[in-house]
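Here's the structure, in structure tokens; my notes come after.
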Amino acid sequence: MIGIGAGDPGQLTLQAVRAMRDTDVFFLLDKGEAKADLTRLRRDMLETHLADRSYRVVEERDPERDRSAGGSAYSPAVGDWRSARADIYERMIAQELGEDETGAFLVWGDPALYDSTLGILEEVRERGTVAFDYDVVPGVSSVSALVARHRTGLNRVARPVQITTGRRLAEEGFPEGVDDVVVMLDAHQRFRAFADEDVDIYWGAYIGTPDEILVSGPVAEAAPRIERLRAEARERKGWIMDTYLLRRSPGGR
Ligand SMILES: C[S@@+](CC[C@H](N)C(=O)[O-])C[C@H]1O[C@@H](n2cnc3c(N)ncnc32)[C@H](O)[C@@H]1O
């Protein structure tokens, strides 16, 4: 499992390139029209770093996830989707990989952060129908890329930082004792809820790619700008990936 960074081909580590060069078969899961750009980026990386050797690419369609399921139905929908993915991984490993061959999943950002590939591979292993071993190569996460582009840190001196989802931020707000929160997977711009508080936002979309957009400042001032830029970009490209850091004055409410 190879972390490939969050969009900038320059974030591919030497370790990742070495692992790619030791790979016979690359498994790519295509998420349809909207995510064709992400598959293209992976293919470009392979063409750049493996130009002198042969390799195979196996592309599969990612199963659709039931995003309509809200509330308590959310988790079972995610569970079904993981199992459907595990079926595909199992089949790909069993059918596309020779006995002594090495396969690789090129995982966006860092495989350790809000990515299901690790869990799915473990599920496949537990089923026991195909035997394999694997290693994980860490990647530059979108969180690292975000704060680097804003030239700021994740935590303040001796303070904690929390990474969470848009859904949880909306439900729980800032966690107890934490004033720096990184928010991922937020389709609903939940930062708007903090416009009346003393909170700064460091926002980035398509970080590391030619479409990158960065905005920072007090939420009250930055939010309308982010909303406009986000809507325009989403309309133009058909998809968006954005991440942000919310930073509250320590102890502020
Ligand atoms: C399924 S998670 C995968 C995260 C990935 N494993 C990582 O380390 O960044 C997808 C979320 O990551 C964030 N993300 C990934 N790449 C990004 C990028 N280039 N720019 C902004 N956000 C990004 C967005 O919050 C998106 O909703």
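Read the numbers this way: they start at 1 and go in the same order the structure lists the ligands and their atoms. Quick caveat: nothing in here was measured; it's all calculated off a predicted structure.
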**Asked** Could an N or O of ligand 1 be found under 3.5 Å from any N or O of Asp242, whether backbone or side chain?
**Response** yes
**Request:** Could you pull out the closest heavy-atom pair between Arg127 and Ala86, with the gap in Å?
**Result:** NH2-CB, 3.4 Å
**Prompt:** Pairs in or reaching into residues 223-234: which pass side-chain hydrogen bond (donor to acceptor under 3.5 Å, both in side chains), with residues at least two apart or in two chains?
**Reply:** Arg192-Glu227, Arg230-Asp242
**Message:** Between ligand 1 and Ser142, is the shortest N or O to N or O distance under 3.5 Å?
**Reply:** yes
**Request:** Side-chain contact test, heavy atoms from C-beta onward, threshold under 4.5 Å: evaluate it for Leu246 versus Phe174 and give yes or no.
**Result:** yes
**Sub-4.0 Å atoms of ligand 1 with respect to non-hydrogen atoms of Tyr206** = 19 (N), 20 (N), 21 (C)
**Prompt:** Is Pro111 in polar range of ligand 1, meaning some N or O pair under 3.5 Å apart?
**Reply:** no
**Message:** Regarding ligand 1, does Leu113 bring an N or O atom to under 3.5 Å of one of the ligand's N or O atoms?
**Reply:** yes
**Message:** Under a 4.0 angstrom heavy-atom cut-off, which atoms of ligand 1 come close to Gly109?
**Reply:** 7 (C), 8 (O)
**Message:** Please report whether ligand 1 has a polar contact with Gly204, defined as an N or O pair separated by less than 3.5 Å (distance criterion only).
**Reply:** no
**Item:** Partner of Arg248 by side chain to side chain donor-acceptor pair (under 3.5 Å), out of Asp179, Asp180, Asp198
**Value:** Asp179
**Asked** Judging by distance only, is a nitrogen or oxygen of Asp115 under 3.5 angstrom from one on ligand 1?
**Response** no
**Request:** Run the numbers for me: atoms of ligand 1, each under 4.0 Å from some heavy atom of Thr243, listed by number.
**Result:** 13 (C), 14 (N), 21 (C), 22 (N), 23 (C), 24 (C), 25 (O)
Check residues 91-98 and write down every donor-acceptor pair under 3.5 Å in which the side-chain atom is one partner and the other belongs to a residue at least two apart or another chain.
unit_1: Arg91; atom_1: NH2; unit_2: Glu60; atom_2: OE2; d: 3.3

**Request:** Evaluate the ring planes of Phe27 and Phe105, with Trp represented by its six-membered ring, and classify them as parallel (under 30°), tilted (30 to 60°) or perpendicular (over 60°).
**Result:** tilted
**Prompt:** Do the charged groups of Asp200 and Arg247 touch, with an N to O distance under 4.0 Å?
**Reply:** no
**Atom of Met45, atom of Pro9 and distance for their closest heavy-atom approach** = CE-CA, 3.9 Å
**Message:** Quick check on contacts: which atoms of ligand 1 are under 4.0 angstrom from a heavy atom of Met241?
**Reply:** 15 (C), 16 (N), 17 (C), 20 (N), 21 (C), 22 (N), 23 (C)
**Request:** May I ask you to list the atoms of ligand 1 that are less than 4.0 angstrom from any heavy atom of Ser141?
**Result:** 8 (O), 9 (O)
**Prompt:** Any N or O on Ala6 sitting closer than 3.5 Å to an N or O of ligand 1?
**Reply:** yes
